[in-house]
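In each ligand, atom 1 is the first atom listed, and ligand 1 is the first ligand listed. Scope of the values below: all heavy atoms of this structure, side chains included, with no hydrogens, waters or symmetry mates.
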Amino acid sequence: MTEPPATPPVLAMPDRPEKPLPVLTLLKTIPTNSLGVLDAELYRELFVRRSYGMVSACFVSDPAGVKRVLVDNFDNYPRVPTIRRLFEAEIGTGTLASEGETWRRHRRIATPSIDARSVKSDAPAIIALAEACAADLAKKAGAKGSKKPVDMERVAGDLLMRMLNQISTGGDPDAIPVMKWLSTVPRKPRALDIVPKPEWVSKLFVRRRIEGWKGEADVTLRRLIDARRSPDWAGGQDLLWRLAHARDRQDGQPFSAEEARDEAASIIAAGDATIRALTWIWYLLDLHPHVAERMHAEIDAVLGDDPLTPEHVGLVPYTRRVLDETMRLYPPIPVIVRKALKADEVAGQRAPKGAIMCVAPFIIHRHEKLWERPGVFDPDRFADENRDKRHRFAFIPFAAGPRVCPGASASSANLMFGILALARRLRFRLATKGPIVPFGGISLQPKGGLPMIVERRR
Ligand code: HEM
């Protein structure tokens, strides 16, 4: 067995300025990499309040503060309207982009359609997609190995798109443009997209551009849902069918056609975060051969030459720890932003009315006061015997509270199928000497992709 290196490798990080950036530099940096504005103090202090002219921002990393914002007083902290509008413009008012009673109703009706029980029956088809992806990469690598790199972000993106399509429509090829469209939401905004504006300005300047992006894909999505509402529907009970027939447990009412479309678009667009975890894991494994070796040994011992089944996921605890440690260091959603409707006390500190509340998994997961050796990749921190050492709200890749990710268990299972299928047959080596830069948009991506050489293991 390979020993862990005496000095752990330096991991890809965005710039971390020693001091807070001046406002102008901050405004210039955010569009190029929002994580590059997070300065060193934020990783040292559990609560930091900053003023930017008229706006206050609170960076909350104290686990008690995270709980206050996301769970105990979550009604006081809706999404920041500018970010919500970015989504709303394209996908309407589904769970992802609504607030108040609209959100509550969507969440109540939609959540049972994507919980672990509902997506269980998709597992064999999802596993088949993961196996096909591994077989395809093995073929490309050839017996002797190919020197031509593949972009792992693209590989993960393609696989996850097929998985989402399987869950949503039973794998209907007509729905691929819908998946492609929703994987681009939200697009890079223009200033006019995010400021509040009268309806006529929106119609004239914003809606038309967005209609162009959606093109036929939105028409297709509506058609797919309508077909499932028809009494003549003879297909399966996939996610779109479940959304079309779901009912509110409070008043027994189903979604309207428009609501069902918004919710489907919301869930498919949100599912895209999964791609990130299935990208960063191969980067970390290549940098840490002792972890890769142990994970491969576990997978080989448990799977052997047997066909991969859902039951295998429960038998590979070390591989699961590798996934958790990957999402600690590179959380797919790096920053959660809320706005304080009223002034509040958060972990003993004052959050003023109107403050932007930044609960950032990227900071919290690397915080010096919450983790030992936070920059070191060590999957064993997630071993059962170490569970008591960490606070429940110090690890929040799926957020927490009433707005916790409803796709958490479905995406965890799909990720494990993808990891097991690929790692059983293949190993990936970084194919660039240049730095890998984590880029923070809504989700956390390696800037410019992740080129890797594929090698066959068996
Ligand atoms: C590794 C994969 C994923 C991660 C790390 C992740 C993470 C998150 C996080 C952090 C949030 C909260 C964002 C915020 O409040 O600002 C969220 C919300 C959401 N996620 Fe996920 N997600 C993942 C996959 C999925 C999948 C596969 C689906 C659907 C099948 C999904 C559906 C949603 C929806 C609908 C919301 C909005 C919930 C609400 O506002 O009530 N996610 N996700």
Exercise. Pick one: which of Arg108, Glu263, His106 meets side chain to side chain donor-acceptor pair (under 3.5 Å) with Thr95?
Worked result: Glu263
Exercise. Would you call Ala410 a ligand 1 contact, heavy-atom distance under 4.0 Å?
Worked result: no
Seminar exercise, completed: protein heavy-atom neighbour closest to atom 37 (C) of ligand 1 works out as Leu96 CD1, 3.6 Å
Problem set entry | Atoms in ligand 1 with a heavy atom of Arg79 nearer than 4.0 Å | 14 (C), 15 (O), 16 (O), 37 (C), 39 (C), 40 (O)
Exercise. So does Arg79 pair up with Glu88, basic N to acidic O under 4.0 Å?
Worked result: no
For this session: Report yes if the side chains of Pro397 and His365 come closer than 4.5 Å at any heavy-atom pair, otherwise no.
Result: yes
For this session: Do me a favour and list the nearest non-hydrogen protein atom to atom 36 (C) of ligand 1 with residue, atom name and distance?
Result: Pro406 CD, 3.5 Å
Exercise. Looking only at N/O atoms, are Ser411 and ligand 1 under 3.5 Å apart anywhere?
Worked result: no
Problem set entry | Ligand-side contact atoms (ligand 1) for residue partner Ile336, heavy atom cut-off under 4.0 Å | 14 (C), 16 (O)
Problem set entry | Nearest non-hydrogen protein atom, atom 12 (C) of ligand 1 | Ala399 CB, 3.8 Å
For this session: Please write down residue, atom name and distance for the protein heavy atom closest to atom 43 (N) of ligand 1.
Result: Cys405 CB, 3.2 Å
For this session: Report yes if some heavy atom in the side chain of Phe47 is under 4.5 Å from a heavy atom in the side chain of Cys58; otherwise report no.
Result: yes
Exercise. Identify the closest protein heavy atom to atom 3 (C) of ligand 1: which residue and atom is it, and at what distance?
Worked result: Phe398 CE2, 3.4 Å
Exercise. Looking at Phe362, does the NZ or CZ of Arg366 lie under 6.0 angstrom from its six-membered ring centre and within 45 degrees of the ring axis?
Worked result: yes
Problem set entry | Test: Arg16 cationic atom under 6.0 Å from Tyr43 six-membered ring centre, within 45° of axis | yes
Problem set entry | Val337 side chain reached by Ile356 side chain, heavy atoms, under 4.5 Å | yes
Exercise. Non-hydrogen atoms of Pro397 versus ligand 1: any pair closer than 4.0 Å?
Worked result: yes
Exercise. For Ser266 and ligand 1, does the shortest N/O to N/O distance drop below 3.5 Å?
Worked result: no
Seminar exercise, completed: Short version for Ile267: what comes under 4.0 Å of ligand 1, heavy atoms counted, is both
Problem set entry | Close aromatic pair by centroid cut-off 6.0 Å: Phe428 and Trp280 | no
Problem set entry | Numbered atoms of ligand 1 (with element) below 4.0 Å of Arg338, judged on heavy atoms | 14 (C), 15 (O), 16 (O)
Exercise. With a distance cut-off below 6.0 Å to the six-membered ring centre and an angular limit of 45° from the axis, does Arg390 pair with Trp371 as a cation-pi contact?
Worked result: no
Problem set entry | Validation row: Ile333, Leu444 side chains within 4.5 angstrom (heavy atoms) | no
For this session: Show which atoms of ligand 1 fall inside a sub-4.0 Å distance from at least one heavy-atom site of Pro332.
Result: 5 (C)
Seminar exercise, completed: shortest atom 32 (C) of ligand 1-to-protein heavy-atom contact is with Ala270 CB, 3.4 Å
Exercise. Going by the atom numbers of ligand 1, which of them fall below 4.0 Å from some non-hydrogen atom of Thr95?
Worked result: 38 (C), 39 (C), 40 (O), 41 (O)
For this session: For Trp103, counting its heavy atoms only, list the atoms of ligand 1 lying under 4.0 Å from any of them.
Result: 39 (C), 40 (O), 41 (O)
For this session: Below 4.0 angstrom from a heavy atom of Arg107, which ligand 1 atoms are there? Numbered from 1 as shown, please.
Result: 38 (C), 39 (C), 41 (O)
For this session: Check whether any side-chain heavy atom of Leu160 lies under 4.5 Å from a side-chain heavy atom of Leu164, and answer yes or no.
Result: no
For this session: Going by heavy-atom distance to atom 24 (C) of ligand 1, choose the closest among Thr274, Ile396, Ile114.
Result: Thr274
Exercise. On the ring face of Phe382, is Arg387 found with NZ or CZ under 6.0 Å from the centre and within 45° of the axis?
Worked result: no
For this session: Among all protein heavy atoms, pick the one closest to atom 26 (C) of ligand 1 and tell me residue, atom and distance.
Result: Gly271 CA, 3.4 Å
